Amino acid sequence: MLQHIFDAAATGSLYAVIALGIALVFGVMRLVNFAYGELLMVGGYVVLLTAGLPWPLIVACTLAAVGIVAFLMERIAFRPVREADPTTMLITSFAVSILLQNIAVWIAGRRPKGVSFGSSLSEPVDIAGASVPIVEPVTLGVVAASLILFVFIMRKTELGVQMRAAAEDFRMARLMGVRADSVIVAAFVASGVLAAIAALLLVATTGSVSPYMGLQPVLIGFVATVIGGMGSLIGAAVGGFALGAVTVLLQVVLPESVVSYRDAFVFSFVILVLLAWPQGLFANRAAEERV
Amino acid sequence: MNDQPILKVDGLSVAYGPVRALRGVSIEVRRGRTVSVIGPNGAGKSTLLWTITGLLKPAAGSVELEGEVISGLKPETIARRGLAIVPEGRHNFLSLTVADNLRLAQIAGRRRGGDEALYERTLDRFPVLRDRLDSPASQLSGGEAQQLAIARALLTKPLILLLDEPSFGLAPLTVEGVFEELVRLKEEGMTVLMVEQNAGKALEVADDAYILSNGEVETASSAESLKSQEDFDAAYFGEGGAF
Ligand SMILES: Nc1ncnc2c1ncn2[C@@H]1O[C@H](COP(=O)(O)OP(=O)(O)OP(=O)(O)O)[C@@H](O)[C@H]1O
Ligand SMILES: [Mg+2]
């Protein structure tokens with residue numbers, strides 16, 4: 001039983017990080033960045049490329065590389081269409097997503113590749129009588145530390161106050177001297193760092209990378225932010241955690257004959273949540289149009 | 001230098017698609033003066049202020065701040081040059097605490113030489129806010145929210161303060177408070193451009209006044225002469241009593 005709780009918590013916290021990255025950019029841009037999944041994918045390939053190095057270097061390279069790709073993504077793809085209508089931005093995000101997937105296929109091939117990063121993390125460890133792979137407590141610890149740092153930055157630093165203000169009322173924030181470019185770049189880079197963290201944890205768990213590895217996470221992140229209430233960062237994190245935990249627990253409790261329909265049950269849960277709270281769990285007026 | 005207006009709006013035209021909201025509007029605000037723009041609903045008053053802040057782009061005409069053209073600059077750049085607005089509907093950051101709302105303004109103010117003393121003075125001006133620093137801005141009453149919006153603007157240490165209907169939606173007693181505050185600001189030498197529907201009140205504090213109607217300046221004069229003007233009511237409330 002405890003083992004399943006660990007599974008659920010580890011998956012839930014991974015989903016929470018993924019969802020936070022989506023919500024952060026949505027907050028200041030009112031854009032669901034579907035190319036976020038490819039940031040994660042880029043992170044996976046950086047791990048593959050640096051696989052021989054000591055692990056702190058792998059982590060540092062991944063964080064830096066994905067942060068830079070996110071930065072370039074904003075500058076090259078999204079800044080020129082920032083004033084365009086939301087549909088244009090959305091299509092841009094699909095285009096960037098497909099472009100990056102194809103670059104990955106072109107360079108590394110279509111087939112998934114095995115990565116040995118963190119293979120020692122799959123060893124089981126005994127926690128309170130339950131036997132769980134070390135990667136699960138590690139995931140919990142990494143996510144908890146990242147979230148604490150994230151909350152600290154958002155609450156205590158000048159940039160954090162500016163980002164929260166811009167997420168609620170972008171125009172008023174500008175009227176108070178907050179640079180639109182700065183907060184948007186910051187949101188993209190931070191979402192890149194979160195994608196890198198998710199990529200590291202994901203690769204350590206699954207042991208493989210592929211050009212399409214970002215597709216499922218971005219869908220999860222999107223659904224989680226909808227559950228949480230678009231625009232609410234806490235909502236996204238909670239929504240991600242709930243989605244991950246429910247997925248894992250359904251895997252356990254569903255009878256064998258229907259377990260292959262697990263995702264149908266997961267999305268029924270999503271629909272039920274949205275029926276009860278159509279604006280999401282943590283809806284606030286922050287979800288207003290940016291214009 | 002001192003004769004130069006702080007704010008000069010020259011021949012400003014703004015359109016929302018086919019709707020021409022402003023048609024060649026020119027106004028001036030000199031240092032230390034309080035200027036009121038009054039006019040009926042839909043006259044273009046808010047449009048004028050949004051265009052000055054840089055959020056709306058004019059189709060023609062220009063805006064100058066201390067002799068430099070600011071029309072075409074980004075809103076954040078204009079704000080950093082010293083233009084602050086208390087907008088229609090206040091637009092406080094409701095998900096932030098009162099303290100964080102003020103902190104955001106302080107960040108802007110520090111760039112313009114604002115210091116702790118300015119912060120203390122501003123809180124002394126609005127003691128209610130000092131007691132509510134840790135409350136979310138969403139929990140303030142209408143009057144308190146207006147005080148926060150004004151405090152926030154003042155903390156940016158502006159050259160000129162723009163106010164869009166500061167009395168809107170407030171109880172009569174609270175309205176008195178807001179206008180008393182405006183009088184005090186004027187005595188302290190603040191330059192103010194204000195838009196109001198409450199013409200009587202607006203003319204009481206103002207030095208100069210413009211009547212805006214249908215996107216055009218109908219009358220420009222000293223507030224004094226406008227108040228005593230016999231045909232004021234006709235000019236202002238005429239054509240169906242827009243108020
Ligand atoms: N976003 C918009 N899109 C289209 N038309 C608009 C928009 N905003 C304002 N208008 C039109 O522009 C004109 C001027 O509007 P504005 O809000 O500036 O008037 P106002 O003088 O501030 O009125 P009020 O006293 O009601 O606040 C009106 O005819 C209005 O209908
Ligand atoms: Mg108005």
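Predicted model, so just to flag it, every value in this text is computed and none were measured. Throughout, a chain's letter reflects where its sequence line sits, starting with A, and its residues are numbered from 1.
For B:R152, the parts lying under 4.5 angstrom from a heavy atom of chain A are both the backbone and the side chain. Contact annotation for B:I85: both backbone and side-chain heavy atoms come within less than 4.5 Å of a heavy atom of chain A. Within the 4.5 angstrom heavy-atom criterion, atoms from both the backbone and the side chain of B:T53 approach chain A. The contact between B:P87 and chain A is made entirely by side chain atoms (from C-beta outward), counting heavy-atom distances below 4.5 Å. For B:R110, the part lying under 4.5 angstrom from a heavy atom of chain A is the side chain only. The contact between B:A105 and chain A is made by backbone and side chain atoms together, counting heavy-atom distances below 4.5 Å.
Within a 6.0 Å sphere centred on CZ of B:R20, heavy atoms belonging to other residues, nucleotides or ligands number 12 at most. Crowding of B:R111 atom CZ: a count of heavy atoms from other residues, nucleotides or ligands under 6.0 Å exceeding 12. Atom NZ of A:K156 has 12 or fewer neighbouring heavy atoms from other residues, nucleotides or ligands inside a 6.0 Å radius. Other residues, nucleotides and ligands contribute more than 12 heavy atoms inside 6.0 Å of the CZ atom of A:F269. Counting heavy atoms of neighbouring residues, nucleotides and ligands inside a 6.0 Å radius, atom CD1 of A:I234 does not exceed 12 of them. The environment of CD in B:E188 is crowded: more than 12 heavy-atom neighbours from other residues, nucleotides or ligands sit within 6.0 Å.
For the atom pair CZ (A:R179) and NZ (B:K74), the distance works out to 8.0 Å, reported to the nearest 0.5 Å. Rounded to the nearest 0.5 Å, atoms CG (B:L104) and CE (A:M176) are 5.0 Å apart. With rounding to the nearest 0.5 Å, the separation of CG in B:D100 from CD in A:Q162 is 11.5 Å. Once rounded to the nearest 0.5 Å, the distance linking CG of B:L96 with CD of A:E168 reads 6.5 Å.
Residues B:F93 and A:D169 approach most closely at CE2-O, 3.6 Å, considering heavy atoms. Listed here is the closest heavy atom pair of B:E76 and A:D181: OE2-N, 4.4 Å. The minimum heavy-atom distance linking A:T157 with B:R103 is given by the pair C-NH2, 3.5 Å. Contact record, B:P75 with A:R174: CD-NH2, 3.5 Å, taken as the closest heavy-atom pair.
No other option in B:G54, B:P158, B:A79, B:A153 has as many heavy-atom pairs under 4.5 Å with chain A as B:A79.
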